[in-house]
Structures are given as structure tokens and as C-alpha cells.
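Only a predicted model underlies this, so the values are computations on that prediction, with no experimental measurement involved.
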Amino acid sequence: MKKNILITAPRHYTQRLLTAFEKYKEEVEVTNIAMVESTFDTANDEMQKLCADLDMFDFVVCLSRKAIDAMHNCCDRAEQLGKTQFLAIGKDNEYLHDVLGVTPPFISKEPSPIGIAHALKEHGLNEGCRLAALAPAFVGIEEPRTVPDFMAKLSELGVQAHRVDAYVNMATELSARKQAYDLIIDKRIDCVAFTSGSEVMAFNDGLREVYGTDACCILNDVAIACMGPYTAMQAKRIGLKVDWVPSEFNSFDDFTACLVMHWR
């Protein structure tokens, strides 16, 4: 009998996650209800200022594909990027090259913001390094700890880090999120699969808004899977149980393989 998985990823990269599940279509059914939507302002003042002052920074860290898109919108010609070096997370480094035409000086072993911080230290590039972190602003949902913890780690390492709100993350309409909760209550979902802390926060906020103090009981009969340890950490911080976290989290392929292997 096929297992039913609810994915909650933002719409702009849902297709990649669905493609990763495609090879297991005989074993799983996938329902896609986004918890978060991401957008960027084409006239973002912070991004315009960053592009004008790029030479002030040794590194620009793009913390997501949406951040890369925002950078491309602001500086769409390679010559505008100057000598500043760009860093990204995991598979996003390929997208960084495809979209901006730049090759990162290194790729962190751990595909996470904290992994980038550790890699800077390993390469001796931390003390006094000037870095701009392209991160999301949050509207209507509490910010997960991912970016604040990254900025704190950089400060601890002696990096002069500047956060730039390159795009916006906001929760999808509550009516859309409620469709997901109804499927869970009707026992039509076996597993909820989160790929980011933003999804966790939006899912949980909506759940509590609709069901109040009884919210956690709704999740008793479903497994919760998180793509990596930092997403899992955020879920646990707000009181959600976490059943599965893949030991490898470089890509959606790692995540989907982990889920299917658990059921096998």
C-alpha cells in the first residue's frame, strides 16, 4: 500500500522536490500544499545599496535560491559583481554558477549556513573577513533561528557580517494551510515532510491558530520528517515531534531516499 506524504515546500522549488519523489511513484503518493511563499521587490533598496557597495565585502553568501534570484535581479551582468566572491549552500552552488556565472572559492562540507561558517574558519578566512548574508525578511510568521544563529556564529568567529533582507518569506493563506490539516485529521497523510524552518513555523502557526491548545494532538498519528538537523532543531524548539532526519542532506534526492528507505 502506498504511503501518503505531504510536502510543504515553497512553490518556487516544489517541482524539484516532486521530481526527486518521481522515482518512488510506485511506493508513495505526494500531496503538495505550500506553507510559505517567497517573493522579492525588484526595487529593493537594501539590495541596490549592496550592489553599489559590493567592493566593501570579501564574500556574499546567498542563503537560498531565492537570494540568488534577488542578486541576479539587482546585478544581472558579471562585470557588476566585481571581485567579490560568492558562496551558497549545497546544490545551490550549481544554481549560483548557472544564474550569476560565478564559481565559489569553496563549497562547505556541510550544506548549511553553519557549514559555511565552519568552512570560512577552516580556510583561515574568518578573522576580519567582511561578509554580506542575503537572507529573507519574514512577514506574518516568526523568524526561525537559522539566520540569527548563522549571524551569531559569524560574529563569534570574528567575521564582520552584514545581513541584507534580499527577499520576503510569508505564510500562505490560512485557508490553504487548513486543507493540509484536514487531510491529516482525516488520516489521509502518513508523513509531513519539511525542507526548511520557515515551513515549520508557518505550518505550526496556522495549526495553532485553527485548533488552539489541541493542535499537537492532530499530529499524533503522522510521522514528521525534516530535511536536515537545523530544520529538525527548529521543529523541536517549538514543540513538534520529529521522527526522521536524513544523515545526508545535500539534496532533495537524499531526503526522499531517506523517507522511502524508512518505510521499506
Side-chain angles (χ1 to χ4, degrees), residues 3-21 24 28-38 63-66 89-92 110-114 136 138 140-147 149 169-172 174 176-181 183-184 188-211 215-216 218-263:
K3 296 296 184 180
N4 296 296
I5 299 175
L6 171 69
I7 62 172
T8 63
R11 294 186 182 98
H12 64 276
Y13 64 70
T14 297
Q15 189 54 53
R16 289 191 298 122
L17 184 52
L18 289 172
T19 299
F21 274 113
Y24 307 111
V28 299
E29 294 277 2
V30 179
T31 300
N32 170 30
I33 301 177
M35 296 290 119
V36 175
E37 51 190 358
S38 302
L63 292 174
S64 71
R65 292 198 174 201
K66 205 68 176 180
I89 297 169
K91 288 288 185 178
D92 287 355
E110 180 184 283
S112 70
I114 294 297
F138 289 85
I141 52 174
E142 182 182 345
E143 179 174 17
R145 289 298 312 167
T146 309
V147 177
D149 287 350
N169 276 348
M170 64 186 77
T172 53
L174 185 59
R177 286 177 283 159
K178 189 175 183 302
Q179 292 176 28
Y181 311 145
L183 290 173
I184 293 170
R188 293 167 61 188
I189 297 295
D190 297 298
C191 173
V192 182
F194 295 120
T195 65
S196 71
S198 299
E199 297 163 45
V200 169
M201 299 304 289
F203 178 91
N204 190 64
D205 285 354
L207 193 65
R208 293 185 178 280
E209 185 172 344
V210 176
Y211 299 104
C216 286
I218 291 167
L219 303 176
N220 285 344
D221 296 327
V222 297
I224 293 180
C226 293
M227 185 168 170
Y230 301 102
T231 300
M233 193 183 306
Q234 183 62 53
K236 291 174 181 177
R237 274 189 179 123
I238 60 175
L240 297 182
K241 67 183 180 71
V242 176
D243 298 283
W244 303 329
V245 184
S247 56
E248 298 291 332
F249 48 100
N250 288 287
S251 68
F252 288 151
D253 288 334
D254 292 335
F255 189 34
T256 54
C258 169
L259 295 180
V260 174
M261 289 306 296
H262 270 288
W263 280 312

Using the test salt bridge (charged side-chain N to carboxylate O under 4.0 Å, His left out), find all partners of Glu110 that sit at least two apart in sequence or belong to another chain.
none
Which heavy atom of Val36 sits nearest to which heavy atom of Ser198, and what is that distance?
CG2-O, 3.4 Å
Please confirm whether the backbone N or O of Phe203 pairs with a side-chain atom of Tyr181, one donor and one acceptor, at under 3.5 Å?
yes
Test side chain to side chain donor-acceptor pair (under 3.5 Å) applied to Arg16 - qualifying residues, sequence neighbours left out:
none
Determine, step by step, whether Lys178 and Glu209 satisfy the side chain to side chain contact (heavy atoms under 4.5 Å, CB included) criterion, reporting the C-alpha distance in whole Å, the side-chain angles of both residues, the deciding distance to 0.1 Å, and the verdict.
CA-CA 10 Å; Lys178 189 175 183 302; Glu209 185 172 344; over 6 Å; no
Closest heavy-atom pair and its distance - Pro10, Ala34
CA-CB, 4.5 Å
Distance in Å, Tyr230 OH paired with Ser196 OG, rounded so as to fall on 0.5 Å steps
15.5 Å
Separation between CD of Gln179 and CG of Leu183, rounded to the nearest 0.5 Å:
7.5 Å
Of all heavy-atom pairs between Pro229 and Val245, which one has the smallest distance, and what is that distance?
N-CG1, 3.8 Å
Residue pair Phe249, Asp254: steps toward the side chain to side chain contact (heavy atoms under 4.5 Å, CB included) verdict:
CA-CA 6 Å; Phe249 48 100; Asp254 292 335; 5.5 Å; no
What is the minimum heavy-atom distance between Ala171 and Ala202, and which atoms define it?
CB-CB, 4.0 Å
Go through the steps for Tyr13 and Ser64 under the test side chain to side chain contact (heavy atoms under 4.5 Å, CB included), then give the verdict.
CA-CA 11 Å; Tyr13 64 70; Ser64 71; over 6 Å; no
Roughly how far apart are Leu259 CG and Ile5 CD1, rounded to 0.5 Å?
5.0 Å
Would you call Phe194 and Val242 a side-chain contact if the rule is heavy atoms closer than 4.5 Å?
no
Between Phe252 and Met227, is any pair of side-chain heavy atoms under 4.5 Å apart?
yes
Per side-chain contact (heavy atoms from CB on, under 4.5 Å), Ile7 is matched among Thr31, Asn32, Thr256 by Asn32
Can you tell me how far the CG atom of Asp253 sits from the CG atom of Leu17, to the nearest 0.5 Å?
10.0 Å
Side chain to side chain contact (heavy atoms under 4.5 Å, CB included) between Val28 and Trp263: does it pass, once the steps are laid out?
CA-CA 10 Å; Val28 299; Trp263 280 312; 4.2 Å; yes
What heavy-atom pair brings Ser112 and Ile89 nearest, and what distance separates the two atoms?
N-CG2, 3.5 Å
Do Met201 and Ile238 have side-chain heavy atoms sitting under 4.5 Å apart?
yes
Verify the neighbour count for atom CZ of Arg237: are there more than 12 heavy atoms of other residues, nucleotides or ligands below 6.0 Å?
yes
I need the minimum non-hydrogen distance between Leu219 and Ile224, along with the two atoms involved.
CD1-CD1, 4.0 Å
Once you measure the plane-to-plane angle for His262 and Trp244, does it fall in the parallel (<30°), tilted (30-60°) or perpendicular (>60°) bin?
parallel
Nearest 0.5 Å, what's the OG1-CD distance between Thr172 and Glu37?
6.5 Å
CD/Gln234 to CD/Glu199 distance, rounded to the nearest 0.5 angstrom?
12.0 Å
Is it true that a side-chain atom of Asn4 and a backbone atom of Asp190 form a donor plus acceptor pair closer than 3.5 Å?
no
Counting only N and O atoms by type, is there a donor-acceptor contact under 3.5 Å from the side chain of Thr8 to the main-chain atoms of Met35?
no
